[in-house]
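Structure record follows, encoded as structure tokens.
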Amino acid sequence: MISVKQAPKRYFFELIISVLLYLGSLHLREGFTHSHPDPSPLKTLILLSPILPSVLIAIAILRFYRRMDEMHRRQMLESVGIGALVCGLGSIALSFSHSAGLPRTDIMWAWPLMGTGWLLATAWRGLSGSIAETGLAATLYRAAGMAAFVLLPTLAYAMAAPALGWPHRHISVVLFATLMIVIQAGWAIFRREPK
Amino acid sequence: MKNALKDLRATKGWSQSEVADRLNVSRQTVNALETGRYDPSLPLAFAIAKLFKCRIEDIFEP
């Protein structure tokens with residue numbers, strides 16, 4: 001049985017591998033669609049291929065949930081509940097906006113909506129816990145450091161990319177920011193905790 | 001719920017991380033327990049009592 005202390009490390013690796021497989025399947029899907037415009041069973045299989053790594057991501061999250069201690073398990077459930085609420089309210093708002101004449105929104109947006117609600121609830125929980133533990137000033141200092149770690153290199157990338165001929169579409173900037181967040185999460189998980 | 005976890009930990013000379021390892025919970029959970037921000041489940045309360053060789057009611061009071 002994996003200890004609570006080891007759980008985030010396992011989760012980090014399992015999630016990274018699943019997300020890389022997901023991104024790989026998206027890349028394969030896009031390339032294959034352009035090179036093979038005609039329908040075929042193989043094309044259908046490749047078009048559906050991102051589903052498998054999506055399931056792997058869900059399994060990684062579930063495995064991490066089962067390895068958490070009881071307090072974090074409860075906090076995660078509450079955050080997911082808030083995420084579901086945001087998703088429900090968002091879908092109602094989008095439905096009304098469609099009736100009001102705005103373009104119809106893809107159901108694919110349900111997950112980002114829920115994920116955003118989940119993320120914000122988790123961030124709020126983390127911030128309030130940190131304020132209770134270390135105080136407001138120390139929490140703000142740490143939060144500013146974390147934001148600077150992600151935002152400053154991303155800003156530098158967005159500004160330097162066109163001049164250096166690197167990809168500078170919006171998605172590449174988002175991917176760069178995601179990479180910085182992953183590095184930061186990895187650092188937080190693998191650094192030695194003070195006694 | 002009030003508890004004597006911090007005092008008991010101090011008498012043993014353990015850090016929050018050491019208590020967390022012995023209880024197989026995170027250090028944040030030990031901190032939340034000590035500051036009264038989280039009330040443990042019955043199994044965790046029993047584990048804490050066993051660790052400090054006390055009765056549950058000697059550690060927690062409503």
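Labels below follow one simple rule: chain letters A, B, ... track the order of the sequence lines, proteins then strands, and each chain is numbered from 1.
- A 6.0 Å sphere centred on CD of A/Gln184 holds more than 12 heavy atoms belonging to other residues, nucleotides or ligands.
- Cluster annotation: B/Phe52 is connected to B/Met1 through the hydrophobic network of ILVMFWY side chains, with a link wherever side-chain heavy atoms come within less than 4.5 Å.
- More than 12 heavy-atom neighbours from other residues, nucleotides or ligands sit within 6.0 angstrom of NZ on A/Lys9.
- Scored by the side chain to side chain donor-acceptor pair (under 3.5 Å) test, A/Arg74 finds no partners at all (sequence neighbours excluded).
- Residues of residues 35-47 of chain B lying within less than 4.5 angstrom of chain A, judged on heavy atoms, are B/Arg37, B/Tyr38, B/Pro40, B/Ser41, B/Leu44 in numerical order.
- A continuous path of Ile, Leu, Val, Met, Phe, Trp and Tyr side chains, each step under 4.5 Å between heavy atoms, connects A/Val182 with A/Phe13, placing both in one hydrophobic cluster.
- One distance of note links CE of A/Met71 with CG of B/Asn31; it measures 8.5 Å at 0.5 Å rounding.
- In this structure, CD in B/Gln28 is found 9.0 Å from CD in A/Gln75, a value given to the nearest 0.5 Å.
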The test is side chain to side chain contact (heavy atoms under 4.5 Å, CB included); show your working for B/Val25 and A/Glu70 and say whether it passes.
CA-CA 8 Å; B/Val25 296; A/Glu70 57 177 57; 5.6 Å; no
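- Other residues, nucleotides and ligands contribute only 12 or fewer heavy atoms inside 6.0 Å of the CE atom of A/Met146.
- Both A/Tyr65 and A/Met114 are members of a single hydrophobic cluster when ILVMFWY side chains are connected at heavy-atom separations under 4.5 Å.
- Side-chain atoms of B/Asn24 come within 3.5 Å of backbone N or O of A/Val4 as a donor-acceptor pair.
- Counted within 6.0 Å of CZ on A/Arg142, heavy atoms from surrounding residues, nucleotides or ligands total 12 or fewer; the atom is thus considered open.
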